[in-house]
Number of protein chains: 2
Amino acid sequence: MANHLDTFFAALADPTRRAVIERLTEGSAPVSELHAPHDMALPTFMKHLSKLEDAGLVRTEKKGRVRTVHIEAAPLEAAESWIKRQRQVWEGRLDRFARIAEKPN
Amino acid sequence: MANHLDTFFAALADPTRRAVIERLTEGSAPVSELHAPHDMALPTFMKHLSKLEDAGLVRTEKKGRVRTVHIEAAPLEAAESWIKRQRQVWEGRLDRFARIAEKPN
DNA sequence: GCATTACTTAGCCATATGGCTAACCATTTA
DNA sequence: TAAATGGTTAGCCATATGGCTAAGTAATGC
């Protein structure tokens with residue numbers, strides 16, 4: 001089960017990249033606009049975008065000299081559902097404990 | 001907002017560490033037992049445990065020579081809620097699009 | 001009390017990551 | 001067509017990461 005969760009979570013483990021995702025939930029944007037608020041060189045920023053793209057969190061398309069970036073929801077769902085599953089098993093265990101505690105005989 | 005999400009997501013970005021979390025949802029366990037199924041040296045495995053502990057995903061306590069590891073739910077909730085929020089904003093945007101599409105005048 | 005068990009500490013290694021500059025296309029725009 | 005705009009490519013650097021071995025310590029078990 002060493003699936004794509006590696007790249008998904010790694011992509012989200014950086015504040016710059018999470019900020020890009022947050023920005024993209026409000027709509028697609030060209031690279032230069034996404035880059036503007038981040039105090040780093042463009043090539044550095046492009047590396048972050050590549051990671052997001054490798055993780056499948058983002059899709060890009062180039063028209064003329066402008067590359068536009070779009071968010072991709074599926075991986076977010078995959079990551080969320082993994083976490084949710086863990087919590088459910090864990091909470092289910094707590095529930096069983098609680099039930100045992102409530103029936104003390 | 002460069003909070004603890006960095007360490008949370010980084011901790012989950014490795015299959016060994018996710019496997020440990022999955023195992024721990026079924027109950028706490030000593031280091032040696034958690035290590036057993038993983039084909040790597042113990043010190044290497046301990047580094048993974050440290051990352052989980054640094055991320056707050058796990059808590060440990062030592063009794064005698066045995067260190068027992070317990071899962072900690074709060075960070076899982078934090079990570080899950082971040083992802084959920086992104087999805088909600090993104091989906092909200094889609095909904096607005098849909099509403100606009102439905103009212104074409 | 002000696003051996004085993006269960007980690008710990010220390011140190012080394014290769015690769016990955018996150019950052020930079022400099023120089024180079026390729027489209028627009030003036 | 002020359003200049004500006006929007007990326008891209010190449011290459012360098014420091015630190016982090018994930019792996020190892022070897023040797024040490026501290027409880028338990030025999």
>> With a 4.0 Å limit, can you tell me whether B/Lys62 has a side-chain N or O closer than that to the phosphate oxygens OP1/OP2 of C/dT8?
In response: yes
>> With a 4.0 Å cutoff (strictly under), does any side-chain N or O of B/His48 reach OP1 or OP2 of D/dG19?
In response: yes
> Given D/dG18, is OP1 or OP2 found less than 4.0 Å from the side-chain N or O atoms of B/Lys51?
Replying inline: yes
>> The side chain of B/Pro43 is closest to which nucleotide in this list: D/dG6, D/dT21, C/dA6?
In response: D/dT21
> B/Met46 side chain: which of C/dC7, D/dC20, C/dA22 is closest?
Replying inline: C/dC7
> Going by the angle between their ring planes, with limits at 30° and 60°, are B/Phe45 and B/His35 parallel, tilted or perpendicular?
Replying inline: tilted
> If you look at every strand shown and take non-hydrogen atoms under 4.0 Å, does A/Thr44 touch a base, only sugar-phosphate, or nothing?
Replying inline: base
>> Distance check needed: D/dT17 P versus B/Asp6 CG, whole Å only.
In response: 11 Å
> Between the base of D/dA27 and the side chain of B/Arg65, is there any donor-acceptor pair under 3.5 Å?
Replying inline: yes
>> What verdict does the side chain to side chain contact (heavy atoms under 4.5 Å, CB included) test give for B/Leu52 and B/Glu72, after you've listed the backbone C-alpha separation in whole Å, the side-chain angles of each residue and the deciding distance to 0.1 Å?
In response: CA-CA 10 Å; B/Leu52 289 173; B/Glu72 206 71 68; over 6 Å; no
>> Of the listed nucleotides (C/dT8, C/dG18, D/dG6), which one gets closest to any side-chain atom of A/Asp14?
In response: C/dG18
> Is B/Arg85 reaching over with its side chain to a backbone N or O of A/Glu22, donor-acceptor style, under 3.5 angstrom?
Replying inline: no
> Looking at the side chain of B/Leu42, which of D/dT28, C/dC7, D/dC20 is the nearest nucleotide?
Replying inline: C/dC7
>> Rounded to whole Å, please give me the gap between CG in B/Leu49 and C1' in D/dT17.
In response: 16 Å
> Reckon B/Thr16 has a side-chain N or O less than 4.0 Å from the OP1 or OP2 of D/dG18?
Replying inline: no
> Looking at the side chain of A/Met40, which of C/dT8, D/dG6, C/dC20 is the nearest nucleotide?
Replying inline: C/dC20
> Taking the side chain of A/Ala41 as heavy atoms from C-beta outward, which of C/dG18, C/dC20, C/dA10 is closest to it?
Replying inline: C/dC20
>> Using whole Å, what does the distance between atom C1' of nucleotide D/dG19 and atom CZ of B/Arg17 come to?
In response: 13 Å
>> Treating A/Arg17 as the side-chain partner and A/Leu12 as the backbone partner, does any N or O pair qualify as donor plus acceptor under 3.5 Å?
In response: no
> Could you state the CD-C1' distance from B/Glu33 to C/dT5, rounded to the nearest angstrom?
Replying inline: 15 Å
>> Could you tell me if the side chain of A/Leu57 sits less than 4.5 Å from the side chain of A/Val20, heavy atoms only?
In response: no
> Can a side chain N or O of A/His35 be found less than 4.0 Å away from OP1 or OP2 on D/dG6?
Replying inline: no
>> Of the options D/dG19, C/dC7, C/dT27, whose atoms approach the side-chain atoms of B/Lys47 most closely?
In response: D/dG19
> Separation of B/Asp39 atom CG from D/dC20 atom C1', in whole Å?
Replying inline: 12 Å
>> Could you tell me how far apart A/Phe45 (CZ) and C/dT21 (C1') are, to the nearest whole angstrom?
In response: 19 Å
> Does the pair B/Thr60 and B/Val31 meet the rule for a side chain to side chain contact (heavy atoms under 4.5 Å, CB included), with working shown?
Replying inline: CA-CA 9 Å; B/Thr60 79; B/Val31 168; over 6 Å; no
>> Without decimals, in angstroms, what is the distance between B/Lys63 NZ and C/dC7 P?
In response: 14 Å
